[in-house]
Amino acid sequence: MYRGSHLKLARRSFAIALLFATGSFNYAQLANEQPANHPVPAIQDTETTAQRDARMQWWREARFGMFIHWGLYSIPAGSWNGKRVPGPGEWIMNYASIPVSEYKALASQFNPTGFNAHDIVALAKSSGMKYIIVTTKHHEGFAMFDSKVDPFNIVAATPFKRDPLRELAAECRKQGMKLGFYYSQNQDWTAPGGYATLKDDHDPQTHHWDKAQDGSFDTYLHTKVIPQLRELLTNYGEFPVAIWFDTPATMTPERAAEIVKLLNQHPNLIWNNRLGGTYKGDTETPEQYIPAQGFPGRDWEACMTMNGTWGYKSYDTDFKSTETLLRNLIDIASKGGNYLLNIGPDSHGNVPAPEVERLHQMGQWLEVNGEAIYDTKATLFDVPTGTFSSTEKDKKGQPKFTPTWNWRSTTGPDKIYIEIFAWHGGSFHLDKLPRNVTGAYLLADSSHKPLKLTRTAGALDIELPAKPLDPIATVLVLNTN
Ligand code: FHN
């Protein structure tokens, strides 16, 4: 029995390590598999549904947020010693096994004078985004804020000397934007004892590639993570409204509980499912994919890049089209989730032009059609949004899901929104109606001219103009009661 459970544990740890190594770790699965008898109960374990609804309200209404990955990795921008390094830009230190002292030396070159908090917040705003989550310390271990705890930070170690978080917080306050902080609690490649994901040329025991990384994880937790989280939670006024943890790996329930004690002191805070140590947090966080059915009964947020990297990579120009990004937003909203879309500013603090361009275009669509996205609920239609392959598997070994892009639907209290991608003109047919429909119009038609309805035995046909009002998605509104 004892031996068996040990074996199970070993197999499980191995599976987790493998999943991390292959980059296909399913945080939600880990969180859901484990019992909720935490050493320290989190707010989520004790609050009532009404309290939870009140806490989550702004987040549920928001639907669209900006992720910002910005750190020292924007200097090498994907190349080291003249060679292109595979993997996302922010992983360059790990992928290229860069020694700690060499990596830390990047700080003395970091002078992003092009950074302008006003412009970034204004960009998020004009794109229709309602909140920002910014990396305050990514796996590289560099604090992008004024930290008294560790001198490896943007104020103490760079010629820039400014605290971008303070500037972002001030602008978010001014422009009415919510601000949350990403913090890599487990991985830290420059602090002794910080965890690192294993790669081929790392020491298989420690996962390290430099002796300077060796040390005690618990010392790192107590001398860097917890004090820095305390700084982040107390130095920026009403912000952060959310904390975004990442790659929980070696966060045991006891370690996570120490962080939860701190989080519990901020009862309105929202935090995700990646703290680790059995804590489920508030939100599921599918990364780079949209689940076929969302996460019924759970709040969730799909985080995605516009190209193939989170942190800036000078040569990654493989940007998704605005059409794809807008479809993603609509698809996610139709499944009751939020879209956290990433930008990766360069080492001067500038946001790459293709990202700005796409965000502006999304904002233009939302300006007209935002009513169909913000503060809506998931679809009421039981219509598949794609097909599962009987032969191909996805990264998690599940049947591969391929979305179809005909239409999606989102729900308001007395309206059903139908976002039509494939416009056939003439008419739109619905077999079954989840609510009684009293009228219809197109959201982009400012006169809201009523559309002709024809009912036949429970089905409904809505007469549509020959051409769509938007080349990507035209929203049909059904008034319902
Ligand atoms: O390793 C990180 C990665 O760099 C990025 O921050 C993403 C964002 O969700 N999270 C991790 C991988 O899951």
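Just follow the structure's listing: the first ligand is 1, and inside any ligand the first atom is 1. Sequential numbering from 1 along the given sequence is applied to the chain's residues.
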Using the ring of [Y] (Phe, Tyr or Trp, six-membered ring only), decide whether [X] places NZ or CZ under 6.0 Å from its centre and within 45 degrees of its axis.
X	Y	value
K178	W58	yes
K400	F388	no
R408	W405	yes

Sub-4.0 Å heavy-atom approach of P88 to ligand 1: no
Ligand 1 to T247 polar contact by distance, N or O atoms, under 3.5 Å: no
Only heavy atoms of [X], strictly under 4.0 Å: list the atoms of ligand 1 that pass.
X	answer
W91	1 (O), 2 (C), 3 (C), 4 (O)
R274	9 (O), 10 (N), 13 (O)
C303	9 (O)
D246	2 (C), 5 (C), 6 (O), 7 (C), 10 (N), 11 (C), 13 (O)
E90	3 (C), 4 (O), 5 (C)
H139	1 (O), 2 (C)
H69	5 (C), 6 (O), 8 (C)

Pairing of [X] and [Y] as salt bridge, 4.0 angstrom limit:
X	Y	answer
E231	K148	no
R60	D375	no
E355	K320	no

Distance-minimising heavy-atom pair for E171 and V121: CB-CG2, 3.6 Å
Proximity to ligand 1 by part of Q187, non-hydrogen separation under 4.0 Å: neither
Proximity to ligand 1 by part of W244, non-hydrogen separation under 4.0 Å: side chain
ring-ring contact (aromatic ring centres under 6.0 Å, His included) assessment of Y195 paired with W189: CA-CA 7 Å; Y195 181 79; W189 306 325; 9.9 Å; no
